[in-house]
Novice: 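Once you've had a glance at the structure underneath, I'll fire off some questions.
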Amino acid sequence: MSAGPPAEALEEYRRPGDALRAAPPPAAGAGRRLNVVVIMTDTLRPDHTGAAGNTADSPAEWAARREAAPGAAPEALSRRERGAAPDWIDTREMDRFAAGATVFTRAYAGSFPTVPCRTDCYTGRTVFPARGWSPLPLDGPCLAAALLREGYRTQLIYDPPMLQRSGFGFDRGFQGVRWIRGQTSDGFVVDPTLPVTLDGPPEKWRGRGEPWLQHQRNARYWRSELDHFGPRTLFTAEQWLEKNYRAGPFFLWIDTWDPHEPWDAPQYYVDRYDPGYAGLVVNQPEYSPGDRLTPDEWRHVRALYAAEVTMVDRALGRLYAKLDDLGLRESTLVLHLSDHGHFLGEHGIQGKPTSGPLQIYEELGRITLMLRHPDGRGAGRRSAALAQPVDVYDTVLDAAGIAPDAAARRGLDGRSLLPLLDGDGDAAHRRAAYTSRHPFLQRRPTPVTISTAEYAYVYWPGAGGARSELYHLPSDPRQSRDVLAGHAPLAAELRAEYLAWVRERNPEMGAWIEAVDRDGDWLPDAGRAWKGMI
């Protein structure tokens with residue numbers, strides 16, 4: 001009679017209670033097993049937080065910059081670019097948190113956008129050379145499952161519906177899962193009798209307004225700020241902590257779509273950033289190309305986004321306070337990050353286009369990343385290390401006291417951020433950060449942004465390099481002056497390093513990129529090409 005599959009093949013599918021009882025005690029010298037809380041706030045641009053300099057233009061500043069002649073922006077706008085202007089957006093809670101944390105000022109998305117980013121986090125491996133928007137792979141590492149095997153209590157609280165819907169499997173390894181229903185286009189409320197409206201031409205909205213109409217149904221019975229999805233998701237995490245704060249070690253992943261659009265913050269937050277606006281409010285504008293907003297509507301979009309950021313900030317403040325009230329500050333590592341940014345009119349682009357202007361500039365590629373250690377390591381520090389979401393996996397396992405040579409920490413692209421809290425190794429952490437969608441969408445090449453200590457190289461294969469761009473960030477933070485023509489050797493070096501990196505992870509993809517560089521009309525085999533739009 002067959003003995004069945006080896007035990008390790010089934011290990012992560014054991015009943016949670018069995019997994020907890022079977023977990024061995026940490027080996028001598030293995031280190032502390034910290035509680036870990038990861039907070040993912042989707043689409044949070046770091047330049048909209050005081051902790052990272054608040055270098056984004058306010059709605060009024062954006063309008064002034066738009067009207068200024070090229071190269072003749074007022075001095076006040078130059079100070080904003082340098083981070084020397086007064087804060088205009090209120091992120092007081094995140095700023096307080098940052099005072100006791102390390103803020104990574106050069107953190108960048110890796111696999112782009114939402115779902116690929118979380119795959120990087122959950123697996124410790126950069127997935128964009130092999131796949132785009134797709135379910136969590138079953139044939140690789142999984143962060144929550146690794147912690148479950150180590151005896152951690154694991155919990156996922158989230159509102160982005162794509163994490164679990166349609167078999168995407170991002171609940172894998174979590175003993176407890178709480179989905180806050182109704183976010184974005186989630187078909188939570190199906191009731192054609194509810195009165196919903198779309199003001200203005202449908203072409204101004206994503207999906208011709210259908211997602212916004214569904215959002216109105218889902219939010220029909222809201223009564224206060226706490227009903228909004230971001231605050232409700234974070235408050236649900238507070239409730240979980242109240243019941244589980246003594247049951248450590250625990251791993252809590254909190255994932256909220258806000259401040260992603262649709263922007264629905266209470267009007268009192270919006271009025272702080274564009275008072276007196278009486279025009280059309282487009283809460284979920286169509287992505288470029290195809291944007292049809294007027295200048296005033298463009299300006300107001302920036303206020304809507306800022307209001308959403310402030311709403312999320314207030315909810316984060318309540319969560320931070322709950323951690324302190326429960327006595328968890330001395331035993332819990334808190335990691336707060338976002339997955340990407342969002343264009344709000346910069347470079348003439350709105351949103352995160354899936355066609356046309358695919359370049360990932362700083363406003364889209366830079367992410368929020370802050371790490372607070374319970375021992376106060378790195379408190380108040382600003383790290384220039386090129387950190388990425390793929391580092392989350394190894395950082396969490398490091399905090400869990402899992403040995404560096406453990407099987408769960410082998411073969412990773414990411415590396416722990418904890419050593420950087422002590423002030424050493426920023427430059428050595430990563431020479432370049434790679435941010436990209438799948439390299440071929442609908443069989444056509446897409447660009448990758450290669451970020452180094454000083455430069456951002458937007459490498460777009462094909463067309464003889466005509467679409468590629470290079471920017472020197474210290475002197476040109478808004479990326480308005482392409483200096484590729486004067487730095488061809490640097491661009492060639494970065495391209496060669498990137499291609500070598502891709503070939504290590506997917507030799508076929510490396511060959512495809514080189515093929516389209518040789519012949520701009522070359523197409524990969526239709527049967528092997530990625531079928532998705534993202």
Side-chain angles (χ1 to χ4, degrees), residues 40-49 52-59 61-62 89 91 94 107-118 133 159-160 162 183-185 204-207 211-212 215 229-230 255-265 269-270 273-274 281-291 293 297-313 336-369 389 435-437 447 449 456 477-479 534:
M40 173 71 81
T41 48
D42 202 293
T43 314
L44 177 60
R45 282 176 46 166
D47 62 0
H48 278 67
T49 66
N54 197 186
T55 55
D57 288 339
S58 70
E61 289 170 341
W62 179 83
I89 187 170
T91 54
M94 282 186 275
Y108 288 93
S111 301
F112 179 90
T114 304
V115 166
C117 170
R118 285 155 178 82
W133 186 290
D159 62 52
M162 61 288 300
Q183 182 61 278
T184 183
S185 58
K204 289 180 181 284
W205 274 265
R206 290 199 70 193
W212 177 243
H215 176 86
F229 296 113
D255 208 313
T256 179
W257 191 246
D258 293 337
H260 194 292
E261 79 277 15
W263 298 306
D264 56 13
Y269 288 134
V270 180
Y273 301 120
D274 197 10
V281 177
V282 186
N283 308 69
Q284 195 171 11
E286 178 61 271
Y287 289 176
S288 300
D291 181 82
L293 301 185
E297 291 162 1
W298 277 83
R299 187 195 75 232
H300 192 65
V301 159
R302 301 185 72 87
L304 294 172
Y305 176 78
E308 199 86 3
V309 170
T310 297
M311 179 185 71
V312 171
D313 177 76
H336 179 198
L337 77 158
S338 60
D339 52 356
H340 51 69
H342 188 99
F343 288 124
L344 298 166
E346 297 89 358
H347 312 281
I349 305 172
Q350 177 63 244
K352 306 183 298 293
T354 57
S355 63
L358 295 177
Q359 301 95 322
I360 298 177
Y361 297 116
E362 290 283 290
E363 296 86 357
L364 189 58
R366 273 188 66 215
I367 63 172
T368 298
L369 180 57
T435 306
S436 182
R437 301 167 177 85
T449 295
R478 296 298 173 94
Q479 296 172 284
I534 50 179

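Only this structure's heavy atoms are used, side chains among them; waters, hydrogens and symmetry mates stay out. The chain is numbered in sequence order, starting from 1.
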Novice: Is Glu346 salt-bridged to Arg302, going by a charged N under 4.0 Å from an acidic O?
Specialist: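 Answer for the salt bridge query: yes.
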Novice: At their closest point, which heavy atom of Gly207 faces which heavy atom of Glu286, and how far apart are they?
Specialist: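 The answer is N-OE2, 4.1 Å.
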Novice: side-chain hydrogen bond (donor to acceptor under 3.5 Å, both in side chains) for Thr41 and His336? Distances and angles first, verdict last.
Specialist: CA-CA 8 Å; Thr41 48; His336 179 198; 2.8 Å; yes
Novice: With side-chain contact (heavy atoms from CB on, under 4.5 Å) as the test, would you mind laying out the steps for Val301 and Leu293 before giving the verdict?
Specialist: CA-CA 9 Å; Val301 159; Leu293 301 185; 3.8 Å; yes
Novice: If every non-hydrogen atom of Asp57 is compared with every non-hydrogen atom of Trp62, which pair is closest and at what distance?
Specialist: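 The answer is CB-N, 3.7 Å.
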Novice: Taking all atoms of both residues into account, what is the closest heavy-atom pair of Gly341 and Lys352, and its distance?
Specialist: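 In this case the closest contact between Gly341 and Lys352 is O-CD, 3.9 Å.
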Novice: Might you point out which heavy atoms bring Arg437 and Leu358 nearest each other, and give the distance in Å?
Specialist: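 Nearest heavy atoms, Arg437 then Leu358: NH1-O, 2.8 Å.
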Novice: At their closest point, which heavy atom of Glu308 faces which heavy atom of Pro259, and how far apart are they?
Specialist: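 What the structure gives for the nearest pair is CG-CA, 3.4 Å.
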Novice: Output yes when a side-chain donor or acceptor of Asp159 lies under 3.5 Å from a complementary backbone atom of Thr256, and no otherwise.
Specialist: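 Pair absent, no side-chain N/O of Asp159 close to backbone of Thr256.
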Novice: Do Phe112 and Leu364 touch side chain to side chain, with heavy atoms closer than 4.5 Å?
Specialist: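 With C-beta onward as the side chain, the pair touches.
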Novice: Can a salt bridge be assigned to the pair Arg299 and Asp274 using a cut-off of 4.0 Å between side-chain N and carboxylate O?
Specialist: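 Judged by the 4.0 Å cut-off on N to carboxylate O distance, Arg299 and Asp274 do form a salt bridge.
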Novice: What heavy-atom pair brings Ser288 and Pro353 nearest, and what distance separates the two atoms?
Specialist: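 Nearest heavy atoms, Ser288 then Pro353: O-CB, 2.7 Å.
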Novice: Whether the side chain of Gln479 engages the backbone of Glu362 through a donor-acceptor N/O pair (distance < 3.5 Å, no angle test) should be reported.
Specialist: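 Such a contact is found between Gln479 side chain and Glu362 backbone.
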Novice: With side-chain contact (heavy atoms from CB on, under 4.5 Å) as the test, would you mind laying out the steps for Met94 and Val309 before giving the verdict?
Specialist: CA-CA 10 Å; Met94 282 186 275; Val309 170; 4.2 Å; yes
Novice: Report the relative orientation of the aromatic rings in Phe343 and His347; use parallel for angles under 30°, tilted for 30 to 60°, perpendicular for over 60°.
Specialist: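 Judged by the thresholds at 30° and 60°, the geometry between Phe343 and His347 is perpendicular.
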Novice: Has Thr368 got a side-chain atom pairing as donor or acceptor with Ser338's backbone, closer than 3.5 angstrom?
Specialist: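 Such a contact is absent between Thr368 side chain and Ser338 backbone.
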Novice: Can you list every pair that meets salt bridge (charged side-chain N to carboxylate O under 4.0 Å, His left out) and has a residue in residues 255-265, with sequence neighbours left out?
Specialist: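 Every salt bridge (charged side-chain N to carboxylate O under 4.0 Å, His left out) pair that includes a residue of residues 255-265, provided the two are not neighbours, is Arg118-Asp255, Arg206-Glu261.
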Novice: CD of Glu363 to CD1 of Ile349: how many Å apart, nearest 0.5 Å?
Specialist: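 The CD1 atom of Ile349 is 8.5 Å from CD of Glu363, to the nearest 0.5 Å.
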Novice: Between Phe229 and Pro160, is there a side-chain heavy-atom distance shorter than 4.5 Å?
Specialist: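 Pro160 does not reach Phe229 side chain to side chain.
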Novice: Out of His48, Gln350, His260, which residue meets the side-chain hydrogen bond (donor to acceptor under 3.5 Å, both in side chains) rule with His342?
Specialist: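 Only match with His342 under side-chain hydrogen bond (donor to acceptor under 3.5 Å, both in side chains): Gln350.
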Novice: Evaluate the side-chain proximity of Trp133 to Pro113: yes if any heavy-atom separation is below 4.5 Å, no if none is.
Specialist: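 SC-SC contact between Pro113 and Trp133 confirmed.
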Novice: Thr310 versus Tyr273: any side-chain heavy-atom pair under 4.5 Å?
Specialist: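 They are in contact (side-chain heavy atoms under 4.5 Å apart), so the answer is yes.
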Novice: Determine whether Tyr287 and Thr354 make a side-chain contact, defined as any pair of heavy atoms from C-beta on separated by less than 4.5 Å.
Specialist: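 A side-chain contact is absent here, since even the closest heavy-atom pair is not under 4.5 Å.
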Novice: Taking the side chain as C-beta and beyond, is there a heavy-atom pair between Gln284 and Pro211 under 4.5 Å?
Specialist: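 Heavy-atom side-chain distance check passes, below 4.5 Å.
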Novice: What distance do Arg45 atom CZ and Asn54 atom CG have between them, rounded to the nearest 0.5 Å?
Specialist: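 Answer rounded to 0.5 Å: 10.5 Å.
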Novice: Does either side chain, that of Thr91 or that of Asp313, offer a donor lying less than 3.5 Å from an acceptor on the other one?
Specialist: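 No.
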Novice: A side-chain contact here means heavy atoms from C-beta on lying under 4.5 Å apart; do Asp42 and His340 qualify?
Specialist: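 They are in contact (side-chain heavy atoms under 4.5 Å apart), so the answer is yes.
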Novice: Do Val270 and Trp263 come within less than 4.5 Å of each other through their side chains, counting heavy atoms only?
Specialist: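 Result no, sub-4.5 Å side-chain heavy-atom pair not found.
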